[in-house]
K.L.:
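Can you read through this structure? Questions will come right after.
Throughout, protein chains are lettered first and strands after them, A, B, ... in sequence-line order, and every chain is numbered starting at 1.
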Amino acid sequence: MRFVDEYRDADQARALAAQITALCEPGRRYKFMEVCGGHTHTIYKHGLEDHLPESVELVHGPGCPVCVIPMGRVDDAIAIARHPDVIMTSFGDMMRVPGGGGSFFDAKAEGADIRMVYSPLDALKIARLNPDRRVVFMAIGFETTAPSTAMTVLRAAAEGVENFSVFCNHVTILPAIKAILDSPDLRLDGFLGPGHVSTVIGCRPYGFIPGRYGKPLVCAGFEPLDILQSVHMLLRQLADGRAEVENQYTRVVPWDGNPKALEVIGEVMELRPYFEWRGLGFISQSALRVRDAYAVHDAERVFDVPGVRVADPKACQCGEVLKGVIKPWECKVFGTACTPETPIGTCMVSSEGACAAYYNFGRFTRDRVKEATRA
Amino acid sequence: MTTGAETTAGRSAEQSAEQRVLERIERARLRKPRVREERVTLAHGAGGKATQTLVEAVFVDAFRNPHLEAMTDGATLTLDGTRTVFTTDTFVVSPLFFPGGDIGDLAVNGTVNDLAVCGARPMYLSAGFVLEEGFPVADLRRIAASMAAAASAAGVSIVTGDTKVVQRGKADGCYVNTAGIGVLERDVALGAAAVRAGDAVLVSGPIGEHGVTIMLARGELDIEADLASDTAPLREPVAALLDAVPGGVRVLRDATRGGVATVLNEIAQAVRLGVVLDEAAVPVAPVVTGACELLGIDPLYVACEGRFVAVVDGEHADAALAALRGHPLGEGAAIVGHVAAEPPGAVLLKTSFGGTRVVDMLVGDPLPRIC
Amino acid sequence: MCLGIPGEVVELSPDRDDIATVEVVGVRRAVNIGLLAPDGAKPGDWVLVHVGFAMSKIDEAEAAATLDLLRGLGRAYADELEALADSDIT
């Protein structure tokens with residue numbers, strides 16, 4: 001695959017790894033947060049950490065849109081889906097995410113009509129084909145996905161597809177990064193910036209991270225060499241005593257983002273005063289809702305949404321895990337009350353969450369893995 | 001500043017605390033599976049962890065006997081002195097007709113292959129149909145015709161059957177169940193228990209084509225590709241392999257629901273050995289790779305209906321590969337990995353990128369994802 | 001978050017100016033290119049696809065530059081290894 005395979009070369013990786021090791025100050029440990037769940041996925045999929053020296057640790061950040069959805073919102077969506085005339089549509093990612101009263105899959109098993117779609121436009125198509133049903137799209141995702149939802153709402157409005165609405169759970173990444181940076185016990189040396197969010201918002205908005213907090217950020221692509229190169233760029237900044245926003249993913253991310261995408265988000269959506277994030281609590285101005293002008297396509301106004309609140313259990317320490325303050329196994333409920341089958345916190349929800357990954361693979365220490373793969 | 005000695009003591013206390021947590025997880029993992037859900041979900045039918053849990057907690061628990069508890073693709077029974085293999089499989093594929101096949105040949109090949117990978121020569125099949133009121137007879141004829149063709153290609157006869165019709169809306173057109181019996185002609189004892197460290201792991205051809213074809217044929221994803229199901233009867237390539245390396249074949253599994261990853265996990269768990277896969281060696285057609293990248297799914301978990309996994313004595317790996325490649329249904333075969341002492345009960349993948357990752361069992365179907 | 005896959009624009013829709021067929025190694029899908037306005041896209045362009053929308057055009061010159069940089073880092077490493085090997089011999 002073009003623009004993919006060339007960024008997965010093992011020899012290049014080894015060469016880059018040597019350069020990374022050479023840049024590390026002896027005795028110093030480095031913690032970088034990859035903000036985006038897509039990066040976490042790449043790191044696992046390619047076994048990228050095997051190329052990093054032990055002194056460089058990657059901390060998995062809050063950028064997994066399904067993981068940060070609070071349980072109450074899932075319960076609200078299921079309440080909408082239970083209306084007999086409703087077809088709820090959702091990305092595959094959401095199907096297994098548990099609310100307080102089960103997941104979409106559970107609700108489907110109990111009779112709700114919940115369908116998986118690849119694109120919000122597919123949900124709109126279902127609405128067109130089923131004029132006697134109300135079709136709701138479970139909109140999730142960061143700035144990367146919000147423009148697609150906005151474009152779909154604009155299309156629905158233009159075509160007058162009034163039986164189509166979105167249950168808007170779009171969130172914005174910057175307030176979440178800020179919440180992490182404001183934590184007094186933060187132990188991060190820098191950030192791998194979310195490459196695909198940046199195709200929309202560009203690199204400029206990250207300026208406050210080096211500016212106010214003195215931490216470098218490198219906007220990173222999603223192939224494994226992209227991530228290694230970004231780590232190299234972060235280490236180079238630290239070695240030079242710099243803290244700046246840099247763009248590694250120049251083939252996809254324009255420095256100023258995508259003005260058209262920002263325009264359609266602004267047309268259809270506005271910031272909510274605050275929104276709850278699973279594991280991080282309420283964060284002000286961190287999510288989007290549908291504007292009044294498109295109320296007919298806003299599921300929160302079309303339906304009487306119960307507004308369920310399920311508090312994160314007090315013992316859950318996802319916030320600390322996300323901030324890199326504690327390791328998953330140090331959390332009080334890890335492995336007892338909180339397991340992949342019965343997740344309590346955001347880090348256990350997705351298989352790539354820090355806690356779920358540790359639960360499943362923690363027993364495979366690097367030494368044992370090396371032993372097994374030597375032959 | 002802490003002294004070096006304090007730091008070391010601190011770290012070892014931390015390590016033992018971590019060790020205790022890991023041990024607790026390991027104990028929980030080995031506990032008898034419980035079904036937590038109050039209702040069956042689609043994940044219970046996907047062939048992964050959820051299916052395993054449901055089958056063990058409900059069916060094995062209720063029917064308990066040594067034949068069943070072996071949990072193989074078919075039960076090996078000695079009937080009047082003859083070693084026979086008996087198996088059954090039910091087919092609910094949607095759509096019923098798809099590029100490369102339909103529910104009919106799938107139903108025949110599926111049961112034929114379950115018998116074949118047990119080392120048996122498939123002989124006789126039964127066919128049971130659950131039809132939805134209103135189902136077109138023309139479609140039923142088409143399904144029957146492809147079953148007849150598949151049976152003839154596999155050298156089996158469909159000798160008994162059953163038909164039921166349910167009210168409109170109570171089924172999705174047509175479901176087919178087949179059961180089959182075969183004879184063990186060779187003196188082979190195939191089974192995960194025979195697997196040893198140092199054995200080689202082979203697949204008989206490029207993986208994932210059936211599953212991706214079905215996903216695209218449903219039309220919901222609006223994705224087009226020139227791709228057909230790999231459904232095929234595996235008796236001949238299996239026989240070629242067993243003839244080429246008599247005594248060298250440990251276990252064979254057809255990689256249906258849950259794909260190659262699930263089959264290898266089941267083998268690894270059964271013998272408490274590790275399977276180490278080499279990502280670069282796993283054959284995947286470019287178009288399958290493309291579809292999987294687009295949908296964010298891993299081809300290792302995607303179903304095949306005409307491919308099998310073979311674990312063979314490491315010393316016979318090349319002979320086994322040559323035997324498979326000598327048959328048209330095995331020409332894309334490859335040695336994809338080996339069995340190792342570590343890590344017990346798990347599958348490791350050496351990635352093309354030069355790293356490693358654990359290939360776990362999925363809970364349910366691989367779902368298209370956006371993140 | 002945000003799975004994005006590079007694909008090549010192979011055809012523009014004759015009926016709608018915001019739809020194009022994009023191909024990813026033999027896999028084709030209609031993709032909305034409305035977010036690339038006002039420049040749009042033409043056959044032969046590579047775009048990043050996310051949930052059925054083209055999010056940005058892939059800049060081939062920048063892609064080549066990144067690869068050159070990576071190869072440069074690799075070469076520096078190879079040279080170092082060579083120098084090290086030479087110094088061992090002498």
K.L.:
Using non-hydrogen atoms and a 4.5 Å limit, figure out which bit of A:Gln12 sits close to chain C: side chain, backbone, both or neither.
P.N.:
side chain

K.L.:
When rounded to the nearest 0.5 angstrom, what is the spacing between CG in C:Leu69 and CD in A:Gln229?
P.N.:
5.0 Å

K.L.:
So with a 6.0 Å cut-off around NZ of A:Lys125, is the heavy-atom count from everything else above 12?
P.N.:
no

K.L.:
Indicate whether the side chain of C:His50 and that of A:Ser148 have a donor and an acceptor atom separated by less than 3.5 Å.
P.N.:
no

K.L.:
With side chain to side chain contact (heavy atoms under 4.5 Å, CB included) as the test, would you mind laying out the steps for C:Val51 and A:Tyr118 before giving the verdict?
P.N.:
CA-CA 6 Å; C:Val51 302; A:Tyr118 169 74; 5.8 Å; no

K.L.:
Determine the minimum heavy-atom distance between C:Leu35 and A:Asn258, stating which atoms define it.
P.N.:
O-ND2, 3.0 Å

K.L.:
Which atoms form the tightest heavy-atom contact between A:Pro147 and C:Met55, and what is the distance?
P.N.:
CG-CE, 4.2 Å

K.L.:
Quick one: does any side-chain atom of C:Glu62 pair with a main-chain N or O of A:Val252 as donor and acceptor, under 3.5 Å?
P.N.:
no

K.L.:
Taking the side chain as every heavy atom from C-beta outward, state whether C:Phe53 and A:Ser119 have any atom pair closer than 4.5 Å.
P.N.:
yes

K.L.:
When you look at A:Asp122 and C:Arg29, which way does the salt bridge (charged side-chain N to carboxylate O under 4.0 Å, His left out) test go after all the steps?
P.N.:
CA-CA 12 Å; A:Asp122 299 344; C:Arg29 195 186 196 278; 2.9 Å; yes

K.L.:
By a 4.5 Å heavy-atom criterion (distance strictly below it), what part of A:Val253 contacts chain C: side chain, backbone, both, or neither?
P.N.:
neither

K.L.:
Any Lys/Arg nitrogen of C:Glu60 or A:Arg2 sitting under 4.0 Å from an Asp/Glu carboxylate oxygen of the other?
P.N.:
yes

K.L.:
Is C:Leu48 in contact with chain A via its backbone, its side chain, both, or neither, using a 4.5 Å heavy-atom distance?
P.N.:
side chain

K.L.:
Side chain from CB out, backbone as N, CA, C, O: work out which of these in C:Val24 comes under 4.5 Å of a heavy atom of chain A, or both, or neither.
P.N.:
side chain

K.L.:
Using every non-hydrogen atom in the two residues, find where C:Leu3 and A:His196 come nearest and quote the distance to one decimal.
P.N.:
C-ND1, 4.4 Å

K.L.:
Side chain, backbone, both or neither: which part of A:His41 has a heavy atom under 4.5 Å from chain C?
P.N.:
neither

K.L.:
Do C:Leu67 and A:Tyr7 come close enough that some side-chain heavy atom pair is under 4.5 Å?
P.N.:
yes

K.L.:
Heavy atoms, side chains only, cut-off 4.5 Å: are C:Asn32 and A:Leu121 in contact?
P.N.:
yes

K.L.:
Heavy-atom distances under 4.5 Å only: say whether A:Glu263 touches chain C with side chain, backbone, both or neither.
P.N.:
neither

K.L.:
Is it the side chain or the backbone of C:Val27 that comes within 4.5 Å of chain A heavy atoms, both, or neither?
P.N.:
neither

